[in-house]
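To start, the structure itself, in structure tokens.
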Amino acid sequence: MTVRNIASAINDGLDVALSGDDRVMILGQDVGRTGGVFRITDGLLEKYGSERVVDTPVAESGIVGVGLGLAVGGLRPVCEIQFMGFSYPAFDQVISHVSRMRNRSRHRFTVPMVIRMPYGGGIGAAEHHSESTEAIYAHTPGLKVVVPSTPADAKGLLLAAIEDPDPVIFLEPIRLYRAVKEDVPEGPHRQEIGPARVERSGSDVTLVTWGAMTRETRRAADTLSEDGVSAEVIDLRTLVPWDRETVFESVERTGRLVVVHEAPLTGGLGGEIVATVSEQCLYSLLAPPKRVTGWDTVFPLKRSEEHYLPGVDRIVTAVRKDLDG
Amino acid sequence: MPRRDPSTPEGAVESLRLMWTIRRFEEAVEELFDRGQLHGTMHLSIGQEAVAEGVAAALETGDMITSTHRGHGHTLAHGADPATMLAELLARETGYCRGRGGSMHIADVAGGNLGANGIVAGSMTIAAGAALAERMKGGDRVTVCFFGDGAANEGSFHEAINLAAIWDLAVVFVCENNQYGMSMASDKGTAGGSVAKRADAYGIPGSQVDGNDVVSVFETTLEMVRRAREGEGPSLIEALTYRYRGHSKSDRNLYRTQTEIDDWRNLRDPLDRFEGSLLESGGVETGTIDKIRGEVRESIRDAVTEAFAAPPTTVADLEGAAYA
């Protein structure tokens, strides 16, 4: 075990993957000498050379399209897109080809590739540097979508994603990169894609969240506990396929559901989770499920960032309303 | 060694057979569509046979291609079995993609066909990636990226050729300029006068060829493939040709004249020209040509019968292939 933050855990995961499998390659802007805009690939160029840690021009569609060709050619590319908001130039490749090859060829060929995207608010930059558009990718059949919130999960899910036979969108919460530290297992530590993680057990309300919002939601649960409210916090970790069973089991026990995400409300995954729980657990519900989300607008400049992102106060207020309802 | 050499009498017979196979295949597909037995849409390459065959003949078995929405010709010339292709078009389990890809997504990765592609320019960066994969594996297979004149004005055209050029990848980019991107005339939609000239901007060889002359397409491709295989990097070929049919089945041909179509068909048809030159040079006799035509007609008829006899796909596992 080594104590690592998320940035260091992902770097370690990439290192383990590159050393353990000659097919693994990294492609992206500034991933080489610079070590990436968030320094996630620091030291990997020196260790594995420019053939396997490939600095590309600013060409997102090219990075992902080349990644697809590499994957079909038998390699295991890990593409880095500098910010999730920069992934849209590559979206044609992702939605039209990467996600569809397996279905199109009826399993005859597949695209085992990982597209890493730092995402979410927290660095005080507007729009593309801070947004959280996971619902677009989750809506696209053929893609798995993974978002860790702890260092051990970051490494474990990354290694599982690289070994996965399907394309995986790997979202890295920018705000948490260096915010939390914990023991991370050495070597090939894998965390299965799919199962959620119960961040905190509770019996009065189920709070479902992921990524950077896990920390806010946990803090809200701690605040609520001071008033005697026992909130369970579930960190989904994987958005596609999401762990319905863990959520159902929890809601059936608590009777209440609040989903927290920093993406805008409309069309967000909160709606999908609330709808699914309503279909499956209606008679367990003691109050209407609620969503605490970003607002239906473009991610703002720093001055308004704290207003945009769901914080402890908004989560606590929503839970109290649910309990009163 | 190229798999066929249409400039020799033996190779010419094979190339002619393939070109007729493409034309008869496309005609059969059109007929099936008109009879209501084939659904959706299709993009026929009738009139463009010399590009597909001239390029594919210059490749070796194992070399790779990426294709386009108008990909039946490329696929056949690169070695696909017509019956398996028709099974794919007719949504049969025996098709190349088990009847789920259809006309625009035929792929046979094991056979070196990385796929037709319904998005204009969609395969261009994929071709660069396939070539990079080949180099990573230490192989010397060449990738040919077929694309149309319409794709040359998409952003991916630039990204793919730029990446291939800075990385010296073994890709031959083949622009099949059939004069129109749907209704947009290539000369109106393409700045700079030619696609081939754009190669200069990337510092790679660019060459414009008569795309209705199979030997000339072959010879240019052969040189570009040679240099790619020997590590000299990518190149760009622009083959000038013409599609006789509409862009797709919805096309009413409002953007061009019947005279224009007739001129290309009557004066520059790739099959007529190839047969004419073979007869003139004495390399092939009339009897041989008649025999090839007859055999191809029969083989396509058999392929249609075989495809219809194959088990149709069912909806039972419709959702079963989005993930492993």
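These figures come from a predicted structure and were not determined experimentally. Quick note: numbers below take in every heavy atom, side chains included, and nothing from hydrogens, waters or symmetry partners. Residue numbering restarts at 1 for every chain, and letters A, B, ... go by the order of the sequence lines.
If you tally non-hydrogen atom pairs under 4.5 Å between each of A:Pro57, A:Pro141, A:Pro165 and chain B, the highest count goes to A:Pro57. When the candidates B:Gly99, B:Ala130, B:Gly101, B:Ala324 are compared by the number of heavy-atom contacts under 4.5 Å with chain A, B:Ala324 comes out ahead. Note on A:Pro167, A:Gly69, A:Ala71: by heavy-atom pairs under 4.5 Å with chain B, the leading option is A:Gly69.
For B:Leu163, the part lying under 4.5 angstrom from a heavy atom of chain A is the side chain only. Interface residue A:Leu75: only side-chain heavy atoms are found under 4.5 Å from chain B. Proximity to chain B (any heavy atom under 4.5 Å) is shown, for A:Val64, by neither the backbone nor the side chain. Only the side chain of B:Ile166 comes within less than 4.5 Å of a heavy atom in chain A; its backbone stays farther off. Interface remark: B:Ala160 contributes no atoms to any contact with chain A (heavy atom separation under 4.5 Å). Neither the backbone nor the side chain of A:Val111 comes within less than 4.5 Å of any heavy atom of chain B. Looking at B:Leu318, only its backbone comes within 4.5 Å of chain A, counting heavy atoms on both sides.
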Taking atom types as modelled, which donor-acceptor pairs link chain A and chain B at under 3.5 angstrom?
unit_1   : atom_1 : unit_2   : atom_2 : d
A:Ser61  : N      : B:Glu159 : OE1    : 3.3
A:Gly62  : N      : B:Glu159 : OE1    : 2.5
A:Gly73  : O      : B:Lys137 : NZ     : 2.4
A:Gln93  : NE2    : B:Gly122 : O      : 2.9
A:Gln93  : NE2    : B:Thr125 : OG1    : 3.3
A:His97  : NE2    : B:Asn117 : OD1    : 3.4
A:Asn103 : N      : B:Ala321 : O      : 3.1
A:Arg106 : NH2    : B:Asp317 : O      : 2.1
A:Arg106 : NH2    : B:Asp317 : OD1    : 3.4
A:Arg106 : NH2    : B:Asp317 : OD2    : 3.4
A:His107 : NE2    : B:Gly320 : O      : 3.1
A:Arg108 : NH1    : B:Gly95  : O      : 3.0
A:Arg108 : NH1    : B:Tyr96  : O      : 2.7
A:Gly142 : N      : B:Tyr323 : OH     : 3.2
A:Leu143 : N      : B:Tyr323 : OH     : 3.4
A:Leu143 : O      : B:Tyr323 : OH     : 2.7
A:Asp166 : OD2    : B:Ala324 : N      : 2.8

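With sequence neighbours excluded, the residues that form a side chain to side chain contact (heavy atoms under 4.5 Å, CB included) with A:Val16 are A:Asp12, A:Lys155, A:Leu159, A:Pro188.
Contact check for B:Val109 versus A:Val72: side-chain heavy atoms found under the 4.5 Å cut-off.
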